[in-house]
Every structure is written in structure tokens, then in C-alpha cells.
Amino acid sequence: MKGRNLLMIPGPIEFTPEVMASMAQPTTSHVAPNFIECFGESLEMMRDVFLAPSAQPFILAGSGTLGMDAAMANVLQPGDGVLTVNSGYFSDRMGDIARRYGGRVTNLSADPGDIPDASEVARALEAGDFAIVTITHVDTSTGVLADVEGIAGVARDAGCLVILDSVCGTAGAECRTEDWGVDIHLTASQKAIGVPPGLALLTVSPAAMEVFESRETPVPSYYADFAEWLPIMRAYEERRPGYFGTPAVNLVAALNTSLKQILDEGMDARFARHERLAGAFRSGIRALGLDIVPASDELAAPTLTAIRYPDGVGPDLVPEIGAGGILTAGGLHPEIKQTYFRVGHMGAVNAADILATLGAIERALAAKGYEFECGSGLAAAQRALCD
Ligand code: PMP
């Protein structure tokens with residue numbers, strides 16, 4: 001018995017051996033020349049991975065929620081109108097954060113599994129007075145992918161800043177940050193970026209930096225204030241030491257390795273690999289007679305899939321899949337939580353992982369008495385992978 005599970009939840013994910021080895025290097029001083037190089041180079045590589053060549057990158061110690069908090073705290077001023085394009089649990093969180101900082105939040109929502117499209121966003125923007133539009137690239141609670149290009153386009157036309165929560169998308173789901181007009185692109189380390197949990201990463205456009213610089217009220221968060229972090233990021237990029245809060249030295253070493261691996265693969269190839277593996281996984285799921293939560297294939301994320309339990313099967317399917325050595329996650333969207341489960345397929349994921357996961361899902365469904373042709377999901381996925 002190998003006694004090893006395959007982690008297929010929507011983050012944290014399995015990391016490459018090289019990333020884990022970097023993490024295990026002796027911790028150095030945050031002002032040591034080798035760490036300054038590692039931090040500075042990581043900031044530079046972020047622009048290439050986020051496809052945001054003119055943006056200001058930030059690497060902060062904290063989880064993805066810190067990235068959301070930092071984005072709002074720095075560019076929202078009390079009384080600003082905020083439109084949250086809502087696709088689920090994490091879009092709600094963005095609205096909560098905006099409210100906490102005094103934003104007037106309008107929630108543009110859709111049924112679970114759906115998301116307002118660009119034309120609905122355009123209509124909502126015409127009907128109100130908004131400074132900021134928030135988009136969740138991939139809502140981890142439903143596996144719904146946003147049309148970032150379309151929504152950001154209408155938001156920019158309406159003169160709004162666009163904040164993109166791509167915690168479950170960056171470096172997996174296509175995002176051409178600068179070309180698409182995303183102002184703040186935030187993510188966390190533990191998903192497709194491929195680094196253990198603990199880093200919040202942001203790129204901030206020149207327009208968003210200008211909004212930050214011309215704000216009339218102080219940033220209402222001490223730790224997240226760009227005024228404190230900007231000189232530090234600039235110092236490291238210029239290969240000088242800086243200090244505001246101690247950087248997560250080992251995580252930054254791991255980030256440096258992972259960003260290099262991502263850029264070695266190439267962004268287009270990486271987006272295509274995620275699409276291909278997700279498509280094969282969905283083919284397998286559908287061949288088993290199961291449905292996905294997203295309302296259509298166009299709305300299905302390349303980084304995770306949310307799958308409805310078939311009739312007669314419920315949340316105890318997840319531990320049954322776990323008994324087969326594959327860790328998946330239960331539902332998260334409060335309205336439909338008990339009716340579906342989630343499988344993450346991002347970062348270093350490969351075809352073997354997809355097939356192993358479908359195999360474990362088939363065995364668990366059989367154990368729960370669901371009737372289907374054993375092997376049909378695997379065969380469909382394999383056909384897609386051989387195409
Ligand atoms: N946004 C999205 C889309 C997420 O998936 C998550 C985490 N699952 C978060 C924000 C929050 O990130 P964290 O848990 O790292 O704070």
C-alpha cells in the first residue's frame with residue numbers, strides 16, 4: 001500500500017517537487033543578497049504571468065482574502081458605488097469587504113451556476129453611479145467562469161476600475177490582464193500559481209495606482225496599505241533591501257521556482273493544458289450521466305468542476321471517493337451545498353490525475369448503488385485525451 005492520497009480539491013493543490021524543495025531551503029535573511037534577488041525576480045516574473053506588463057506587482061504574506069481586502073482598502077473611498085458581478089460565495093465576500101470600507105454595494109446576482117453577462121453588467125452600470133466593478137474570475141463555490149474580457153470592457157467604458165478576484169484562476173484560466181482592462185488582478189499562492197498557502201499576489205494598473213495616490217482619506221487598513229508596501233516592492237525590484245513586515249522568505253523562494261516553471265511552460269500552453277484536461281474531465285463526468293453546476297460548457301471553469309450528485313447519491317460520496325485515494329471537496333454555495341461536490345484540476349495536474357480521479361468517482365458511485373456502465377466515464381475522458 002502506498003498510503004498516498006491524490007489531492008484534487010480546488011486548492012490547496014499538489015505542488016511540484018521543485019517548488020517543495022525550494023521551500024525547504026534554509027531560511028535566509030529577508031535582506032540577504034540572494035533573497036533580494038529572489039524577491040525582485042519574482043516581482044518581475046509576476047508581470048509576465050499575469051500578462052500585466054505596466055502594472056505594479058505586490059507580494060504580501062497572507063491568504064487570498066488579504067488580496068481582496070488590500071484591493072478594496074486601497075482604491076475604494078467611502079461612498080463609492082461598487083457593482084459586484086456575483087457568481088457565488090466569493091463574490092459575496094468581495095461585496096462584504098467593500099461594505100466594510102464604506103462602499104455602496106450593488107449586488108448583480110444570478111442563479112447558482114450562472115453569472116450576469118456583459119450586457120447585463122452594462123445595463124446595471126447605466127442605472128447607477130459606480131466607481132468599481134468586481135468580478136470573480138472562477139467562483140470556487142460553483143465552478144463558474146466569468147467572461148472577464150467582456151465584463152471588464154463594459155466596466156472600463158463606464159469609467160469604473162475593475163477588480164478581478166482570480167484566486168481560483170490565475171495561471172490556469174486565461175486572463176490577459178492589461179489587454180482586457182483589468183485594473184487589480186489578485187490571487188493567492190495555493191492554487192494554479194502552485195505554491196503552498198500563505199501569499200497574496202496582486203498586480204495593480206497605473207490607473208488604479210493613480211486612484212490610490214489621489215485618495216482623500218487614509219487607507220483604512222494598516223497592514224494592507226499600499227503606501228507602506230510600495231516602497232518595499234520598488235526596493236526589491238531595484239535589488240535593494242526594504243522592510244515593512246517580514247516577507248514569507250521560504251514561500252517567496254517557492255514562488256520564484258513556480259513562476260519560472262509557469263513561464264517555462266508558457267502562458268498560452270498553460271491555459272490550453274487546463275482547458276484540455278478540464279474538457280476531458282467533463283466528458284468523463286457527462287458519460288457517467290452526471291451534470292455539472294455551471295449552466296453551460298462556456299461557463300465551466302478550466303480549473304475546477306462542480307458536479308451534481310445523481311439521484312439517490314449525496315454528500316457521503318466525497319468520503320467514499322476519499323477511500324479510493326482521491327481527495328475531493330463537498331459543496332460550498334450555501335443555496336445548493338448539499339447537492340454537489342467539487343474537483344480541482346489546476347497547476348501541475350496531468351492526464352493521469354484526471355483518469356485516476358474519474359476512476360475513484362466511478363468506484364464510489366458503484367459503492368453507493370448508482371447504476372451506470374462501469375468504465376464509461378474513464379473511456380470518454382481517455383478518448384478526449386487521445387484526440
Ligand atoms: N476568492 C476565491 C475565488 C477563492 O477560491 C478563495 C479561496 N478558496 C478566496 C477568494 C479566498 O482565498 P483564501 O482562502 O486564500 O483567503
Side-chain angles (χ1 to χ4, degrees), residues 7-15 50 58-73 82 84-98 100 107 109-110 112-113 115 133-148 151 162-175 177 182 184-203 221 223-224 248 251 254-255 258 274 278 293-294 299-306 327-334 337 340-347 349:
L7 185 62
M8 293 294 285
I9 66 169
I13 61 162
E14 293 206 342
F15 306 113
F50 287 55
F58 291 85
I59 300 173
L60 306 177
S63 80
T65 306
L66 172 69
M68 301 164 84
D69 196 70
M72 271 307 164
V82 178
T84 57
V85 181
N86 197 313
S87 49
Y89 184 91
F90 290 101
S91 313
D92 286 342
R93 178 173 295 187
M94 198 61 117
D96 288 345
I97 295 170
R100 183 70 65 91
N107 184 32
S109 56
I115 179 170
V133 171
T134 74
I135 311 169
T136 310
H137 193 180
V138 172
D139 196 283
T140 319
S141 69
T142 56
V144 165
L145 175 75
D147 166 19
V148 175
I151 297 171
V162 176
I163 299 180
L164 178 70
D165 166 1
S166 191
V167 169
C168 202
T170 311
E174 181 179 16
C175 184
T177 306
V182 170
I184 303 189
H185 175 161
L186 68 96
T187 195
S189 51
Q190 74 268 22
K191 305 208 189 203
I193 284 283
V195 175
L199 293 179
L201 309 174
L202 304 96
T203 60
S221 161
Y223 183 72
L251 283 170
L255 176 68
S258 195
H274 280 79
V293 173
L299 292 181
T303 47
L304 89 143
T305 302
L327 302 182
T328 60
L332 181 61
H333 193 296
K337 201 175 160 65
Y340 74 104
F341 68 108
R342 296 171 300 147
V343 173
H345 32 73
M346 62 187 120
V349 67

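No experiment lies behind these values; they were computed from the predicted model shown. One-based numbering, in listed order, for ligands and for the atoms of each. In this chain, numbering begins with 1 at the start of the sequence shown.
For ligand 1, the atoms sitting less than 4.0 Å from at least one non-hydrogen atom of G64 are 12 (O), 13 (P), 15 (O), 16 (O), numbered in the order shown with element in parentheses. Listed by number with element, the atoms of ligand 1 under 4.0 Å from a non-hydrogen atom of S63 are 13 (P), 15 (O), 16 (O). Distances below 4.0 Å separate heavy atoms of M68 from the following atoms of ligand 1: 10 (C). Shown in contact with V138 at under 4.0 Å from a heavy atom are these atoms of ligand 1, numbered in order with element: 3 (C).
In this structure, the protein non-hydrogen atom closest to atom 14 (O) of ligand 1 is Q190 NE2, 4.1 Å. Scanning all protein heavy atoms for the shortest distance to atom 8 (N) of ligand 1 gives K191 NZ, 2.8 Å. Summary of contacts: the protein heavy atom closest to atom 4 (C) of ligand 1 is T140 OG1, 3.4 Å. With respect to atom 11 (C) of ligand 1, the closest heavy atom belonging to the protein is T65 OG1, 3.5 Å.
The nearest non-hydrogen atom to atom 1 (N) of ligand 1, considering only T187, D165, L332, comes from D165.
To the nearest 0.5 Å, atoms CG (D165) and OG (S91) are separated by 7.5 Å. How far CD1 of I97 is from OG1 of T84: 11.5 Å, rounded to the nearest 0.5 Å.
Counting only heavy atoms from C-beta outward, the side chains of T136 and R93 never approach each other to under 4.5 Å. L299 is listed as a side-chain neighbour of I115, based on a closest heavy-atom distance under 4.5 Å. A 4.5 Å side-chain heavy-atom check between Y340 and L332 finds at least one atom pair inside the cut-off. Contact check for Y89 versus T140: no side-chain heavy atoms found under the 4.5 Å cut-off.
Here the two rings, on H185 and F50, have centers that are under 6.0 Å apart.
The shortest non-hydrogen separation linking S166 to T187 is O-OG1, 3.0 Å.
Among the atoms of D139, none of the N or O lies under 3.5 angstrom from an N or O of ligand 1. The shortest N or O to N or O distance between R93 and ligand 1 is not below 3.5 Å.
Using a 4.0 Å cut-off between heavy atoms, H137 makes no contact with ligand 1 at all.
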